[in-house]
Amino acid sequence: MALTISATNLSEIAQPGYCPRCFWVRQKSRRLPYQSFPGIFSSIDRYVKRMARHHFDSAGELPAWFPAVGEVEGMETVPTYRSFAATDPKTGVTLRGEPDEVLRLKGATYHIVDYKTARLTTNAESMFPRYVAQLNAYAYIGGRHAFSPVSGLSLIYFEPDTDVEADPSLAVRTQEEFLLGFTPKLKAVDVKPDSFIEELLLLASQILEPETPPEGNSGCKECQAVEELVEMTRLG
Ligand code: SF4
């Protein structure tokens, strides 16, 4: 059966030390247990998109808080993952995704943005290989749709302003009503050649083709914990 994979899922195998077994299980399973995700992050993402779009529609430019990405002439309508897809002819794998923002720059090139509600810490940077793959997957799809050429990619981190000691004005701001602000920080991502994504698609198809899962990472205690849980409930 033809394989379809999301940009987010593909990015998992770009992270050093990824586990092929975890990747296989995540791709094949329709319902993984214990997968609740706090809805607040989606709300913040949606809010940022609406505010940026609202400002652009009314003022003809991005808001002052939006980090500089070049001379923006337009905000494209971002397709949903159902239609934003491309099939790699070599592997037959279809890649799909839904970028947060596609900006049209002067000179008719495109800049793709992904928002992250998180602090840009060293720990966050350790996830960078994954995000490089995710954004380049969007660029790969964009290059086969109307968004070509893609000239730039950015991660924009929204860091919550909570350090009242360093910035006492935060306390003043919150005297009348409770307000939590965020500081956007841009992290540029290199646009890679198509072969970067095609190699990941080939690796994904090699891992996912077999009917049985590959071995997990040696030394990971979680698989053992899962087996113990299964055994425990079977006996019960
Ligand atoms: S070895 Fe660890 S990382 Fe791999 S499948 Fe098992 S739990 Fe997941």
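One-based numbering, in listed order, for ligands and for the atoms of each.
The backbone N or O of Leu105 sits nowhere less than 3.5 Å from a side-chain atom of Thr109 that would complete a donor-acceptor pair. Using a distance-only test at 3.5 Å, with no hydrogens or angles considered, a donor-acceptor pair links the side chain of Ser11 to the main chain of Thr8.
Under a 4.0 Å N-O distance rule, the pair Glu98/Arg82 does not qualify as a salt bridge. A salt bridge is absent between Glu73 and Lys106: the closest approach of a Lys/Arg side-chain nitrogen to an acidic carboxylate oxygen does not fall below 4.0 angstrom.
Proximity of the aromatic rings of Tyr115 and Phe158 is defined here by a centroid distance below 6.0 angstrom, and this criterion is met.
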Result block: side-chain N/O donor-acceptor pairs under 3.5 angstrom for residues 133-144, not counting sequence neighbours:
from, atom 1, to, atom 2, distance (Å)
Gln134, OE1, Lys116, NZ, 3.4
Gln134, NE2, Tyr138, OH, 3.0
Asn136, OD1, Lys192, N, 2.7
Asn136, ND2, Val132, O, 2.9
Asn136, ND2, Asp190, O, 3.0
Tyr140, OH, Glu198, OE2, 3.3
Arg144, NH1, Tyr140, O, 2.8
Arg144, NH2, Asp194, OD2, 2.8

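Excluding waters, the protein N/O/S atoms found under 2.8 Å from atom 4 (Fe) of ligand 1 are Cys19 SG.
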